[in-house]
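Everything on this sheet refers to the single structure shown next.
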Amino acid sequence: MLCPYCRTENAPGATRCAACTSWMVERPPVRDWTRAREGRLIAGVARGLSNRFGLPCAAVRLVFLLSILFGGWGVLAYVALWIAMPLEPIALLPPANLERREPATAQQG
């Protein structure tokens, strides 16, 4: 893959140039700090953090549990994130069962 900026040849499928470190493709989407609506146990904080950082949700939950056992700061962090992180937006999908109605025409006879 050829870098559009410095014209250096890079490995196939590379996203950044090895020579000039420019993005050769569209930048990856920025993940938001949101609490999850689905797959949550209490408030969706652990699921939201796992979505944000690309970590397994079980690992994030385990860190919170261990932090509660070793000092108790996990409860404070969880509550603070519960307050600070908004819920993820609801995905608005068009209804699938809408029937297309044909306009009424006057019958000629």
Do Leu76 and Val79 land in one hydrophobic cluster if side-chain heavy atoms of ILVMFWY residues count as linked below 4.5 Å? no

Here the gap from Leu41 atom CG to Arg47 atom CZ, rounded to the nearest 0.5 Å, amounts to 8.0 Å

The side chain to side chain contact (heavy atoms under 4.5 Å, CB included) partners of Leu87 (sequence neighbours excluded) come to Arg35, Arg37, Arg40

With sequence neighbours left out, the residues meeting side chain to side chain contact (heavy atoms under 4.5 Å, CB included) with Leu2 are Arg7, Glu9

Side chain to side chain contact (heavy atoms under 4.5 Å, CB included) filter on Leu55, not counting sequence neighbours, yields Phe53, Val60

For Ala59, the side chain to side chain contact (heavy atoms under 4.5 Å, CB included) test, sequence neighbours excluded, returns Pro56

Rounded to the nearest 0.5 Å, the SG atom of Cys57 sits from the CG atom of Asn51 at a distance of 7.5 Å

For Cys17 and Thr8, the nearest pair of non-hydrogen atoms, with its separation, is SG-CB, 4.2 Å

The complete set of ring pair (Phe, Tyr, Trp, His ring centres under 6.0 Å) pairs with one or both residues in residues 64-85, sequence neighbours excluded, reads Phe64-Tyr78

